[in-house]
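Every chain is numbered from 1, with letters handed out A, B, ... down the list of sequences.
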Amino acid sequence: MRLLTGNIMATRYNAQEVEPKWQARWAESGVFKTKSPQEAGDAPKAYVLEMFPYPSGRLHMGHVRNYAMGDVVARYHKAKGYNVLHPMGWDAFGMPAENAAMERGEHPGRWTRENIESMRAQFEPLGLSLDWDRELATCEPDYYGLQQKIFLSMLRNGLVFRKKSKVNWDPVDHTVLANEQVIDGKGWRSGAVVEQRELEQWFFRITQFADELLEGLNTLDRWPDKVRIMQANWIGKSKGATFHWPFKSNAPSGFEKGIEVFTTRPDTLFGASFIALAPDHEITRELAKDNPAIADFIAEAARIGTSEEAIEKAPKLGVDLGLKVTHPFDPTWEIPVWAANFVLSTYGSGAVFGSPAGDQRDLDFARKYDLPVKPVVLPPGKNAEDHVITDEAYTGPGTIYNSGFLDGMSTTDAIDAAIARLVELNLGDASTTYRLRDWGVSRQRYWGCPIPVVRCDKCGVVPVPEDQLPVTLPDDPDFSKPGNPLDRHPTWKFTTCPTCGGDATRETDTLDTFVDSSWYFARFCNTQTNAPVDLNDARYWLPVDQYIGGVEHAVLHLLYSRFFTRAMQACGLIDLPSGEPFAGLFTQGMVTHETFKSESGAWLSPEDVEQRDGSWVEIATGKPVKVGAIEKMSKSKKNTVDPTQIIKDYGADVARWFMLSDSPPERDVEWTQSGAEGAWRFVQKLWSLADAAPDNDDGSPSEGDALELVRQIHKTVDGVTRGIDEFRFNTSVAQIHELSNALKKAEQSKAPGMMTARRFGIRTLAQLVAPFAPHVAEECWEATGGDGLVIEANWPVADPEMLVSDTITLPVQVNGKKRSDITVSADATKDDIEAIALADTDVQRFTSDKTVRKIIVVPGRIVNIVVG
RNA sequence: GCGGGCGUGGUGGAACCGGUAGACACAACAGACUUAAAAUCUGUCGGGCGAAUGCCCUUGCGGGUUCGAGUCCCGCCGCCCGCACCA
């Protein structure tokens with residue numbers, strides 16, 4: 001690695017000395033301490049929050065980018081006079097700690113707390129404007145104990161329930177596997193073929209809020225549209241009909257009315273050619289008991305795993321169950337019943353009817369098993385003879401045909417008519433179904449929040465009384481044997497029943513870590529109170545004004561948090577009538593880096609390779625190296641860059657500046673050494689501007705170059721401010737560059753008023769840079785006689801009069817091609833502009849031998865002359 | 001498979017509501033300074049044609065709407081994110 005710092009320090013800006021100095025000053029002055037609502041007085045509040053990190057042990061560049069962005073927003077609001085809350089905490093429960101315990105014999109708690117210590121130490125030199133007084137870690141009893149209170153309150157309010165659900169079971173490790181731990185149907189550690197097991201599990205009733213969560217999206221006008229769309233699709237509200245297909249004869253017990261299905265397309269009912277049940281539908285399972293073929297099919301389907309992705313990607317398979325139902329509209333029409341591996345038991349009633357001409361998946365299935373395909377929807381403009389379905393279904397609107405009483409209707413009318421007939425026949429009704437499922441929160445793991453209930457043979461499931469909370473984890477889990485350490489702990493789970501005092505056992509499931517992150521933002525409003533959330537402080541601070549994190553959380557974390565605020569509202573634990581925790585959301589892109597592979601295909605760290613004579617070689621061996629793709633930084637691909645090392649080499653300002661330059665915040669940014677060096681040069685340049693700043697003014701910059709410079713300063717203030725407001729930090733950076741270039745040039749100028757203009761420019765620049773690269777900004781501010789800390793100086797405001805000029809330059813097009821520029825006064829009329837444009841000699845070269853047909857003048861923008 | 005997004009010079013990107021495509025930066029090249037190098041400063045920098053004022057082409061690909069399309073519409077291609085037990 002090339003180091004640019006070193007022997008030439010004297011005249012240069014030395015980040016290694018300057019940055020700790022300002023960090024100490026900020027700490028002494030307490031500028032980052034949050035003010036209470038009383039202390040804040042009339043100042044408006046701004047709650048700025050970045051998604052809190054998992055304490056993996058090392059800060060990575062993705063963190064630096066995320067927190068640098070949040071810091072821009074926080075410092076900017078501080079400068080604008082807001083009372084800012086900008087806290088930090090740790091999403092500290094989760095599987096990596098247990099993996100460390102299993103692989104290295106470390107205690108998950110110790111491992112996690114050590115990681116927190118070392119990451120906090122890495123945070124410090126970044127110079128973020130965080131209020132560490134409000135730090136929290138979800139793995140500490142003072143946090144998860146309160147979470148247990150929330151759980152119990154939700155239980156009392158009917159928002160928690162138990163039901164059976166499927167899990168991926170590793171028969172060797174005796175453990176439940178996460179979907180990511182199931183690789184090709186096998187456990188990642190044991191390699192054993194994964195089984196499906198049904199366990200009685202705890203659920204949060206998120207579906208109770210399905211409509212509210214959907215409706216609420218309309219109020220989130222400071223969220224990216226893509227996230228709102230993804231959440232709406234995830235909730236997946238669909239209107240249609242739920243109805244029964246009566247059995248031809250001898251219905252299985254419990255299904256006397258027939259097989260219940262949900263469909264959004266009852267208009268295609270006359271195209272039905274089969275019924276398909278989920279592999280784990282009750283009827284399928286009943287039949288499997290004395291039919292080995294069906295049992296094999298179920299086992300085969302189970303091997304795919306529980307993830308919807310895997311199920312939908314798997315080849316479509318089915319088995320004929322040998323049952324027959326009759327068509328709701330024609331009792332003489334028999335339809336076969338199949339089981340199919342693509343039918344989800346968790347959606348609707350776990351059964352569908354196949355209408356192959358109008359649904360691609362049904363069509364593929366029908367072709368595979370040679371089931372009838374009858375088209376029933378005629379696309380607009382087609383007639384029955386030439387509308388043939390081969391291997392592509394028609395899913396669009398049209399006119400119904402081949403469909404008895406529905407013939408001739410539009411698809412929408414036919415939907416209503418079909419539902420009306422189903423009601424008449426007493427077989428079903430219109431209904432609404434959601435894709436959203438209730439949230440399963442049980443985890444059979446040690447390192448999570450214990451679910452605060454006990455089981456008593458006499459009293460059943462009994463909540464732990466609040467005065468006995470928190471239910472803490474035992475300190476001595478044993479990870480040497482397979483299975484859940486809580487379940488086989490020698491003493492922990494044995495307790496007495498709070499109700500009858502008899503022997504009882506504790507619940508050994510812990511909560512999904514998504515629960516921990518579903519309310520931490522509310523806890524930050526007051527981390528001292530005994531209630532989970534202080535009602536008054538939360539009323540003041542919530543909603544979070546700006547939340548920043550990765551898009552990968554677009555659905556789950558953000559939807560769960562929106563559910564939690566509603567659930568807590570229903571329990572009286574929070575006062576947030578809107579139910580919306582995050583008023584503004586920004587999703588930032590990843591940090592990527594080039595990758596390298598050796599001849600043998602092993603990943604190589606960028607530090608181990610170098611370019612010799614234009615080709616890449618391994619430094620140690622000199623062997624040639626394959627340059628791989630630019631990918632998200634990850635340990636496995638060895639393309640990470642350690643922020644701590646970058647800060648040592650170049651300083652925090654450089655790391656932050658680079659993360660905010662060039663790439664738009666929502667897009668991925670590629671870390672490059674040369675980019676970091678560019679940022680370093682810029683920091684040096686800023687300092688040299690301040691160092692060369694004149695000590696005194698030389699009169700008012702009211703004309704000539706000095707006035708032009710002042711105008712540019714105002715333009716820059718305007719542009720940088722807009723860039724921050726709109727989360728387009730890269731454009732702010734570009735404008736800061738332009739002003740710096742202008743100020744550098746101005747060092748050569750002797751124009752009257754220039755010294756005044758330069759002093760003004762450099763101090764303004766320091767203010768504009770402060771949210772991005774705060775240390776060098778403070779240094780420049782101090783060197784140019786700024787009052788106090790730049791972080792506390794009022795954000796500059798552009799003078800609107802300085803943003804407009806007297807004349808404007810307009811491009812002139814002829815037939816849409818630019819041919820000339822004209823300069824006109826800012827208040828020129830359309831007629832004036834037309835005349836000037838037509839008189840222009842460059843324009844006339846293209847118009848002289850033609851007829852002018854039309855002239856389009858867009859004020860302040862462009863002139864287009866249409867000739868022909 | 002389903003849902004969502006993205007695609008502009010050698011590179012990252014800019015272009016506000018459909019109005020000058022390539023701001024700003026990185027890299028590269030040339031020059032100044034220097035015994036030399038580094039640093040710094042200055043200049044060139046999408047492609048083609050031309051002696052030249054210039055002209056033509058160019059925003060992943062193919063169509064369309066418009067006086068005018070990177071931007072809007074339709075159809076493709078490629079990459080990325082999510083898919084409910086990773087966080």
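Ring centroids of A/Y650 and A/F658 are separated by 6.0 Å or more, keeping the two rings apart. Aromatic ring centroids of A/Y54 and A/W90 lie 6.0 Å or more apart. Outside the 6.0 Å centre-distance limit, the rings of A/Y434 and A/Y347 are not counted as a close aromatic pair. The aromatic ring centres of A/F203 and A/W439 sit 6.0 Å or more apart.
Atom CD of A/Q748 and atom C1' of B/U40 are 13 Å apart (whole Å). Across the protein-nucleic acid pair, A/H63 atom NE2 and B/A87 atom C1' stand 10 Å apart, rounded to whole Å. For the pair A/E747 CD and B/U40 P, the computed distance is 15 Å after rounding to whole Å. Per the geometry, CG belonging to A/N815 stands 16 Å off C1' belonging to B/C55, to the nearest Å. Spacing between atom CG of A/L556 and atom C1' of B/C83 amounts to 8 Å, rounded to whole angstrom units. Taking atom CZ on A/R667 and atom P on B/C6, their separation rounds to 8 Å, with Å as the unit.
In textbook terms, a nucleotide whose glycosidic angle is within 90° of 0 is syn, while B/C61, being further out, is anti.
Residue contacts shown for A/V167 include a base, since a base heavy atom lies under 4.0 Å away. Using a 4.0 Å heavy-atom criterion, one finds that A/W234 contacts the bases of the nucleic acid, with or without backbone contacts as well. Among the atoms of the strands shown, none is found under 4.0 Å from any heavy atom of A/S517. Nucleic acid contact for A/G236: none, since no nucleic acid atom lies under 4.0 Å from a heavy atom of the residue. Residue A/N741 is classed as a sugar-phosphate contact, given heavy-atom separations below 4.0 Å to backbone atoms only. As judged by a 4.0 angstrom heavy-atom cut-off over every strand, A/F846 is placed among residues touching the sugar-phosphate backbone only. Residue A/P53 is out of contact with every strand shown, counting any heavy-atom pair closer than 4.0 Å. Here A/F514 lies in heavy-atom contact (under 4.0 Å) with a base. The residue A/K226 sits close only to the backbone: its heavy atoms come under 4.0 Å of sugar-phosphate atoms, none of a base.
Only the P atoms considered, B/U8 is 24 Å distant from B/G64, to the nearest whole Å. B/G60 sits 8 Å from B/U71 when the P atoms are compared, rounded to a whole Å. With both ends at atom P, the span from B/C24 to B/C41 equals 15 Å, rounded to whole Å.
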**Bracket string, RNA chain B, 5' to 3' - pairs by Watson-Crick or G-U geometry under 3.5 Å, | interstrand** = (((((((..(((......[....))).(((((.......))))).((((....))))..(((((..]....))))))))))))....

